[in-house]
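What follows is a set of notes on a single structure, which appears directly below.
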4 protein chains.
Amino acid sequence: MPKQTFFNLSEEKREKILNTAIDEFAKYYYHKASITRIVNNTGIAKGSFYQYFEDKKDLFKYVIERIGRRKIEYLYPVIKDFDKYDFFDLVRMLYVQGAKFAVENPRFQKIGDYFVKDTDTKLKEEILGENIPKSNEIFIQLIKKGIEKGDINPNIDINLTATIITSLSIEIGEYFVKEMKVKDNTEIMPLIDKMLYILKNGIKNRREDV
Amino acid sequence: MPKQTFFNLSEEKREKILNTAIDEFAKYYYHKASITRIVNNTGIAKGSFYQYFEDKKDLFKYVIERIGRRKIEYLYPVIKDFDKYDFFDLVRMLYVQGAKFAVENPRFQKIGDYFVKDTDTKLKEEILGENIPKSNEIFIQLIKKGIEKGDINPNIDINLTATIITSLSIEIGEYFVKEMKVKDNTEIMPLIDKMLYILKNGIKNRREDV
Amino acid sequence: MPKQTFFNLSEEKREKILNTAIDEFAKYYYHKASITRIVNNTGIAKGSFYQYFEDKKDLFKYVIERIGRRKIEYLYPVIKDFDKYDFFDLVRMLYVQGAKFAVENPRFQKIGDYFVKDTDTKLKEEILGENIPKSNEIFIQLIKKGIEKGDINPNIDINLTATIITSLSIEIGEYFVKEMKVKDNTEIMPLIDKMLYILKNGIKNRREDV
Amino acid sequence: MPKQTFFNLSEEKREKILNTAIDEFAKYYYHKASITRIVNNTGIAKGSFYQYFEDKKDLFKYVIERIGRRKIEYLYPVIKDFDKYDFFDLVRMLYVQGAKFAVENPRFQKIGDYFVKDTDTKLKEEILGENIPKSNEIFIQLIKKGIEKGDINPNIDINLTATIITSLSIEIGEYFVKEMKVKDNTEIMPLIDKMLYILKNGIKNRREDV
DNA sequence: AATGAATGAGGGTTCATTCAT
DNA sequence: CATGAATGAACCCTCATTCAT
């Protein structure tokens, strides 16, 4: 947690610092990100930084938390009413919201990407506390529900399926970070729908589909 | 590319250096890997290193290339006769070979893993040159063939499908990096088969499957 | 000297500040003691501190002076009537009072200890002014008196003896800083008496003592 | 221990570095001593320092060890034949050698002084390993021997006496660090003899001495 | 008188790379 | 071709002190 000092700053200044930090972490992963650079780009003194934050990790933790909260703002509306929808509709909505998040917060998407991929597990633990959130978990729940309702083939391996679905969602995010040209949702939907189609039906040619 | 001096070395020495470097890159990701450590563990002089290699990146590039070549050795036998097999059999064989590669060359798998995950795109470009090898490419070819033969649903998006298949193959590799206990292939097959089942049929519940 | 502003404060506040400072200097020696910590533990603003005191040294100087004054309060009753007593009784009483001071003001004892041991002579001079108080002085006077009275061997070196007596008194103080378990004086007396015995008679084996 | 690199340096350079380091540690105690200053005064690059030594502590440890070895060179000749001499002769010889060490190696004396007085016990442990050498120990042995031989009053407290003797020896060292004017031993002997006289006989006036 | 944010020099340490031999 | 000492910019972090309000 940032120190009280940080929260006492003018919102303008606070945002400036945060903004610069986000820039930095979106450009370099944790270990390469430089406090010196952040401080210079913000125009504050080195010492000031340490009046605001415990240390580099403290800042990073704060940024990650912010990203998490922001992401949840996107996903919550969907998850909230999860039992109202059919499984595949739900997954689609989650993908759509995820893609929206990525498009609208590309720097956050980037940072999250770095972080998810980072192999420094000790860092991860320190940042996230014990509750390293398995985004798997939520999908596992949804899948079980889907099987109960008869939407999903009960013979599939639940964990594996959850892993695949997570993997695909990451794929979507990455796709949109790379292709930044996307401005509106028009291009997102088709991709997602195609993905879901495959997830649903597989890619095997079926005579009965003809 | 290593300098000529490197290739003038005795094979023994060359291998020793390489082996140490591989150890290092398997233990630390690129930016954390230390030339000093490599040099110490190899027993050569610091200066010598820079007579063999342009710089750290040069060494890394060379290691990555080697890994690529080795991986191809595993996959080539399958690809070579790609038109003899059914699409899904082919993919399975590729997955199996990929898993075999991971199990038999855990350090390579680890390095590849780090590298795939690394988000320093500038580094990646420099390492791979322009030919960032889309392992996608090969799958795209296979998919097209599969559609021609009538194995695959012609309505699916080819690029997307290739991406998914690649993604799943990475998933397999990761799985085995984590669970290093695997000694033989006995446990690999079920996982791969489940994956392929989903890829083939999707996860939707079908009355006709009952 | 603290600034006037300091003395304008309510006694309560003044004591609080002082108390916290004493805690700090009893825990860390001068250079390691932290103004920030003092300020935080006191609950006053950083800026306020510098309105009360010139700087860190100023505060420390004040604390040291206070300790000196307090110590004199312990010793004065003995010194006051110094001509009433035999030399060795006097020294014993001074040692006893010194030990009492140490036991009853452990933080002061600790600070004094740090300070005596500190080898930063420049600091010491600045703190103590020119009058680096030779606690020697008082013993020199007492010794002279003792010689006059015929209590003390007139052939001994007065300065040296004073130094030794001082050194022993410090030894006593240190002893009690280490062994803080001492609650009452019961354990102090034997040590002091043994010390005095040696001071008086030396450690040589004497036939006439047998 | 310094790294091999250090020992590979020309003796000239090695001595220069060491000399500068000794200057620094004789001027500032451990925590205040500055690597930057050492490096600047030596004229070597910051990075070079860390080629030679693990870290600041490593350098300090080395210096302390050197001092210890040097001191032993002074004391060993005396200790070696400790059973040939009378107790007080022995102590005198140790004091003389100690004073000689102080006079001839004033910077070492200073550093040792700082170190002995330093209150950072964790540092001390790290520097000295577990064997924090109680210089007491040797005196305790000597005293016991002295009692056996009938030189020393068997009623005195052995530990206390050892402490006093140690304390006096430190006093001697300090005395000579302060009064650097001493060039030869002529002034040392009288002081030491006076000290021993007091230690032997105490300061009480005795009729039988008259 | 009170505040607390701002400062910046300095701390120890790392490491890829260069260079003289 | 081998060597390994030399380099120095950059790293994160600390802290007494100042200054604007």
Side-chain angles (χ1 to χ4, degrees), chain A residues 3-6 8-10 13 31-40 43-59, chain B residues 3-6 8-10 13 31-40 43-59, chain C residues 3-6 8-10 13 31-40 43-59, chain D residues 3-10 13 31-39 43-59:
Chain A
K3 299 181 182 173
Q4 186 52 43
T5 334
F6 178 67
N8 293 343
L9 293 175
S10 74
K13 195 162 191 178
H31 284 109
K32 272 274 159 180
S34 156
I35 295 297
T36 306
R37 222 155 25 208
I38 291 175
V39 150
N40 288 344
I44 64 172
K46 202 81 161 280
S48 296
F49 176 85
Y50 286 92
Q51 298 256 45
Y52 308 147
F53 299 94
E54 220 67 71
D55 52 20
K56 187 183 182 179
K57 208 159 55 198
D58 189 31
L59 167 64
Chain B
K3 298 179 181 174
Q4 185 51 45
T5 40
F6 178 67
N8 294 344
L9 294 174
S10 73
K13 195 164 190 177
H31 282 110
K32 277 267 165 181
S34 154
I35 294 297
T36 305
R37 226 164 10 217
I38 291 175
V39 152
N40 287 344
I44 65 170
K46 202 83 161 278
S48 297
F49 177 86
Y50 283 90
Q51 285 195 307
Y52 307 148
F53 299 94
E54 218 65 70
D55 52 20
K56 189 181 179 181
K57 207 158 53 198
D58 189 30
L59 167 64
Chain C
K3 298 180 182 173
Q4 185 53 43
T5 39
F6 178 66
N8 294 344
L9 293 175
S10 73
K13 196 163 189 179
H31 282 110
K32 277 267 164 180
S34 154
I35 294 297
T36 305
R37 221 157 21 208
I38 291 175
V39 151
N40 287 344
I44 65 170
K46 203 84 161 277
S48 298
F49 177 86
Y50 283 89
Q51 284 194 307
Y52 306 149
F53 299 94
E54 218 64 71
D55 52 20
K56 188 182 180 180
K57 207 158 53 198
D58 190 29
L59 167 64
Chain D
K3 300 181 180 172
Q4 185 53 43
T5 335
F6 179 67
F7 297 109
N8 294 343
L9 291 176
S10 73
K13 195 163 191 176
H31 283 109
K32 273 274 158 178
S34 155
I35 296 296
T36 307
R37 223 157 21 211
I38 291 175
V39 150
I44 64 171
K46 203 86 161 278
S48 296
F49 177 85
Y50 285 91
Q51 298 256 45
Y52 308 148
F53 298 95
E54 221 64 72
D55 52 20
K56 187 184 182 179
K57 208 158 55 199
D58 189 32
L59 167 63

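So you know, we letter chains A, B, ... as the sequences are listed, proteins then strands, and number each from 1. These numbers come from the heavy atoms of this one structure, side chains and all, not from hydrogens, waters or symmetry mates.
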- Message: Distance check needed: dA5(E) C1' versus Phe6(A) CZ, whole Å only.
- Response: 13 Å
- Query: Rounded to the nearest 0.5 Å, how far apart are CG of Asn40(B) and NZ of Lys46(B)?
  - Reply: 7.5 Å
- Looking for any heavy atom pair under 4.0 Å, which part of the strands does Leu9(B) touch: base, sugar-phosphate only, or nothing? sugar-phosphate
- Message: Distance check, rounded to the nearest 0.5 Å: Lys32(A) atom NZ versus His31(B) atom NE2?
- Response: 4.0 Å
- Task: Round to the nearest Å and state the distance from Gln4(D) atom CD to dA5(F) atom C1'.
- Result: 13 Å
- Atom CG of Leu59(D) to atom P of dG12(E): distance rounded to whole Å? 11 Å
- Rounded distance [0.5 Å steps], OH in Tyr52(B) versus NZ in Lys13(B): 4.0 Å
- May I ask you to evaluate whether Asn8(D) reaches the phosphate of dG4(F), defined as a side-chain N or O under 4.0 Å from OP1 or OP2? no
- Item | Lys56(B) NZ to Ile38(B) CD1 distance, which is reported to the nearest 0.5 Å | 8.0 Å
- When you check every protein heavy atom under 4.0 Å of nucleotides 12-19 of chain F, what one-letter string (B, S, -) results, 5' to 3'? BBBBSBB-
- Base, sugar-phosphate, or nothing: which does Phe53(B) touch, judged by heavy atoms less than 4.0 Å apart? nothing
- Task: Ignoring backbone atoms, test whether Thr5(D) places a side-chain nitrogen or oxygen under 4.0 Å from the OP1 or OP2 oxygen of dG4(F).
- Result: no
- Item | Rounded distance (nearest 0.5 Å) linking atom CG of Asn8(D) with atom NZ of Lys3(D) | 12.5 Å
- With Watson-Crick and G-U wobble geometry limited to distances under 3.5 Å, how should the secondary structure of DNA chain E be encoded in dot-bracket form, using | for bases paired to another strand and [ ] for crossing pairs? .||||||||||||||||||||
- Could you tell me which non-hydrogen atom of Arg37(D) sits nearest to which non-hydrogen atom of Ser34(D), and how far apart they are? N-OG, 3.0 Å
- Item | Contact check, side chains of Asp58(A) and Asp55(A), non-hydrogen atoms, under 4.5 Å | yes
- Asn40(A) CG - dA10(F) C1' separation (whole Å): 12 Å
- Message: To the nearest 0.5 Å, what is the distance between CD1 on Ile35(B) and OH on Tyr50(B)?
- Response: 5.0 Å
- Query: Which residues pass the ring-ring contact (aromatic ring centres under 6.0 Å, His included) test with Phe53(A), sequence neighbours left out?
  - Reply: Phe6(A), Phe49(A)
- Message: Between P on dG4(F) and NZ on Lys3(D), what's the gap in Å once rounded to a whole number?
- Response: 15 Å
